Every structure is written in C-alpha cells, then in structure tokens.
Amino acid sequence: MERVTFRNSRNLNLVGDLYPSTSESIIIMCHGFMSNKHSKGRFERLATAFNKSGYNALLFDFSGCGESDDDILTVEKEADDLKSAIQFVKSKGYKKIALYGHSLGTLICLKNYTPEIITMVLSGAATDSMKYNWYEFFTKEQMEELEEKGYLTQYTPQEQRKKTIIDERILKDFELINQRELLKDVNCPVLIIHGNNDEEEKLLYDRSKSAMALLSKDSKLEVIDGADHSFLEHFHIVIKLATEWFTKHLG
C-alpha cells in the first residue's frame with residue numbers, strides 16, 4: 001500500500017491509500033457520511049480482495065474527513081473531490097476506472113458518472129430522497145449549533161480527525177435527491193447491495209427497487225439477509241459480491 005496525496009479544485013490536499021497491482025484497471029472507493037478512507041476497516045478488506053483479483057484500488061478521504069485538509073462537509077464538495085480523484089488516477093496512467101461507494105459515497109459515485117466509468121458497486125445505496133430525524137443522530141446542543149451557525153460540529157476524539165464540521169446543506173441534500181434526475185445518464189452496469197435488518201436499509205432498498213427501472217439492463221440489486229446499514233457482520237458477503245461483479249464487468 002502506498003500513501004498518496006492529490007489536490008482538489010479548491011487547492012486542498014486529499015490523502016489516500018493506493019493499493020497497487022500490475023493491471024491498468026483501478027477501483028476508486030468513496031466512504032460514507034462523516035467517515036474516512038478506512039470505513040471501520042471495511043475498505044482495507046475490500047481493497048485487499050480487489051488486489052488479489054488483479055485490480056488497483058484507491059481509498060481516499062474527502063476534504064474535511066480523515067487525513068485530508070480541513071473543510072466543511074457538503075455533497076457538492078465531496079462530488080468535486082471524487083472528480084479530482086478520477087483525474088488523479090488518469091494522470092497516473094490507469095485506463096479502466098470503476099467506482100465503489102458506501103452510503104453517502106454511493107450518491108457521490110452516481111453524481112460523478114461519465115462514460116469513462118466502466119461499472120459501479122454501491123452498498124447501502126442512496127438513490128432517492130430520504131428524510132432523517134437528525135435529532136436521533138446528533139445532540140440537542142449540536143442541533144442548536146446548527147440552528148445558530150448553519151453547521152454543526154461532530155467531535156471524534158478517538159479518531160485521526162478530532163472533529164468534523166457538517167454544513168446544514170448536506171443534511172438537507174438527503175431529502176432533495178431526485179432519482180430520475182440522478183440516474184438518467186448512468187449507463188454503466190451498477191450492482192446495488194442492501195441489507196434488510198434495520199429501518200434505514202429497508203427504506204433505502206425500497207428506493208433502489210425503483211432505481212432498477214432507470215439503470216442499465218445489466219445492473220443488479222442484491223439483498224443480504226440479516227445485514228444492517230453497516231454490513232459489518234456480513235461484510236464477507238459484500239466482498240464476494242463486489243469482487244465477482246468487478247471480475248465480470250471490469251475484466
């Protein structure tokens with residue numbers, strides 16, 4: 001594994017881990033909301049499996065996350081960061097590009113589809129609007145900060161990054177996803193993986209069922225029985241499904 005850095009369009013440093021292989025194919029991996037390139041160890045496990053199948057893999061921290069430069073989190077900024085990651089791997093000579101996203105990272109992947117993206121795998125996918133009660137995720141004090149300042153602070157003393165700043169726009173953006181608009185130009189084969197063991201995953205799965213009518217005929221929806229949104233207890237199945245998918249569609 002090689003530590004890499006590259007800049008986004010806002011001249012901020014983004015930090016990543018590149019798992020090198022001998023092929024010209026690379027899978028860029030996009031982490032979830034308030035997470036980082038390790039994704040609780042899930043992304044290292046995936047990258048290792050992809051390596052064994054002959055693929056390069058790039059894990060990176062969105063700006064304001066992990067080791068990347070400080071920033072306030074928004075969907076637009078994360079989409080721009082992925083665009084910069086795609087440009088970075090192209091500059092390194094990789095010819096075949098695929099994307100893997102988890103949770104919010106799936107929305108970022110879909111927003112960045114261009115014809116050069118050969119395929120995607122999306123776990124816990126956000127393909128349509130979702131309304132969350134943010135009082136269930138954040139404290140009363142954090143929500144008061146949001147009301148007063150337009151952003152809130154999430155403190156993570158046990159992590160590399162001690163705090164993350166979350167713009168109110170990113171919380172509203174979950175409700176503003178327009179499925180038809182999001183997917184209308186996505187022409188590559190997409191594998192969507194969901195669980196069925198928590199309310200969030202069940203709601204996301206219902207939205208992804210509708211998404212299948214808008215995706216290519218080669219796309220597929222898989223449900224892992226008993227898995228929740230983290231997939232932590234069932235991640236070996238995610239690895240198997242994703243690796244088989246990339247082997248089939250990335251070559």
Side-chain angles (χ1 to χ4, degrees), residues 19 27-55 57 59 98-111 113 117-134 136-137 174-175 177-180 182-183 186 188-251:
Y19 286 69
I27 301 163
I28 304 175
M29 302 172 64
C30 297
H31 64 73
F33 184 39
M34 297 188 296
S35 188
N36 57 49
K37 61 182 175 294
H38 304 299
S39 193
K40 298 180 179 178
R42 290 170 294 197
F43 276 16
E44 287 100 334
R45 291 173 64 189
L46 273 169
T48 300
F50 296 158
N51 251 183
K52 287 179 180 177
S53 295
Y55 304 118
L59 293 57
L99 302 178
Y100 180 98
H102 176 67
S103 195
L104 178 60
T106 67
L107 176 63
I108 307 306
C109 289
L110 290 166
K111 281 180 168 288
Y113 174 76
I117 304 301
I118 293 173
T119 189
M120 299 184 196
V121 175
L122 310 175
S123 56
T127 63
D128 204 355
S129 62
M130 282 277 288
K131 186 173 178 61
Y132 291 94
N133 179 4
W134 295 113
E136 295 178 357
F137 293 82
F174 287 97
E175 298 180 37
I177 302 169
N178 181 310
Q179 186 175 82
R180 186 167 293 277
L182 177 66
L183 302 179
V186 178
C188 71
V190 179
L191 172 63
I192 298 178
I193 304 171
H194 282 294
N196 60 7
N197 199 32
D198 63 28
E199 192 60 29
E200 181 179 10
E201 271 300 288
K202 290 176 182 176
L203 292 171
L204 291 169
Y205 170 59
D206 284 342
R207 287 152 175 76
S208 290
K209 285 192 288 187
S210 300
M212 298 310 294
L214 301 171
L215 293 170
S216 76
K217 60 180 177 60
D218 296 324
S219 296
K220 191 173 183 181
L221 178 60
E222 292 273 7
V223 178
I224 300 176
D225 189 43
D228 60 20
H229 188 61
S230 75
F231 295 92
L232 284 171
E233 301 300 319
H234 299 77
F235 207 66
H236 61 289
I237 305 175
V238 175
I239 292 170
K240 181 176 184 292
L241 291 171
T243 303
E244 289 176 350
W245 185 266
F246 286 128
T247 300
K248 178 179 180 181
H249 293 280
L250 194 52

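Note that the structure is a prediction, hence the values are computed from the model and not measured.
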Main chain of [Y], side chain of [X]: is a donor-acceptor contact present, judged purely on distance under 3.5 Å?
X: Ser230; Y: Leu232; answer: yes
X: Asp218; Y: Pro189; answer: no
X: Arg180; Y: Leu214; answer: no
X: Thr106; Y: His102; answer: no

Which residue pairs satisfy the salt bridge (charged side-chain N to carboxylate O under 4.0 Å, His left out) criterion with at least one member in residues 30-40, sequence neighbours excluded? Lys37-Asp61, Lys37-Glu67

For a quick test of reading the model, state the closest non-hydrogen atom pair linking [X] to [Y] and the distance between them.
X: Tyr205; Y: Val223; answer: CE1-CG2, 3.3 Å
X: Cys188; Y: Ile118; answer: CB-O, 3.2 Å
X: Ala125; Y: Leu204; answer: O-CD2, 3.3 Å
X: Ile239; Y: Ala49; answer: CG2-CB, 3.5 Å
X: His234; Y: Ala227; answer: ND1-CA, 3.5 Å
X: Glu201; Y: Ile193; answer: OE1-O, 4.5 Å

For the pair Tyr132 and Glu175, evaluate side chain to side chain donor-acceptor pair (under 3.5 Å) and give the outcome as yes or no after the intermediate values. CA-CA 8 Å; Tyr132 291 94; Glu175 298 180 37; over 6 Å; no

More than 12 heavy atoms of other residues, nucleotides or ligands under 6.0 Å from CG of Asp225: is that the case? no

Taking atom [atom1] of [X] and atom [atom2] of [Y], what is their separation to the nearest 0.5 Å?
X: Asp228; Y: Asn197; atom1: CG; atom2: CG; result: 6.5 Å
X: Ser39; Y: Phe231; atom1: OG; atom2: CZ; result: 11.0 Å
X: Met120; Y: Ile28; atom1: CE; atom2: CD1; result: 10.5 Å

Does Leu104 form a side chain to side chain contact (heavy atoms under 4.5 Å, CB included) with Phe174? I'd like the steps, not just the answer. CA-CA 9 Å; Leu104 178 60; Phe174 287 97; 4.1 Å; yes

Does this structure show an ion pair linking Glu222 with Lys220, if we count only N-O contacts that are shorter than 4.0 Å? yes

Chi angles and distances behind the salt bridge (Lys or Arg N to Asp or Glu O under 4.0 Å) call for Lys202, Glu200: CA-CA 5 Å; Lys202 290 176 182 176; Glu200 181 179 10; over 6 Å; no

Counting C-beta onward and ignoring hydrogens, is there a side-chain heavy-atom pair between Leu99 and Ile27 closer than 4.5 Å? no

Start with the C-alpha gap between Met130 and Ile177, add the side-chain angles, then the distance that decides, and say whether side chain to side chain contact (heavy atoms under 4.5 Å, CB included) holds. CA-CA 8 Å; Met130 282 277 288; Ile177 302 169; over 6 Å; no

Determine, step by step, whether Thr247 and Tyr55 satisfy the side chain to side chain contact (heavy atoms under 4.5 Å, CB included) criterion, reporting the C-alpha distance in whole Å, the side-chain angles of both residues, the deciding distance to 0.1 Å, and the verdict. CA-CA 9 Å; Thr247 300; Tyr55 304 118; 4.1 Å; yes

Intermediate values then yes/no, salt bridge (Lys or Arg N to Asp or Glu O under 4.0 Å), Lys248 and Glu244: CA-CA 6 Å; Lys248 178 179 180 181; Glu244 289 176 350; over 6 Å; no

Report the relative orientation of the aromatic rings in Trp134 and Phe137; use parallel for angles under 30°, tilted for 30 to 60°, perpendicular for over 60°. tilted

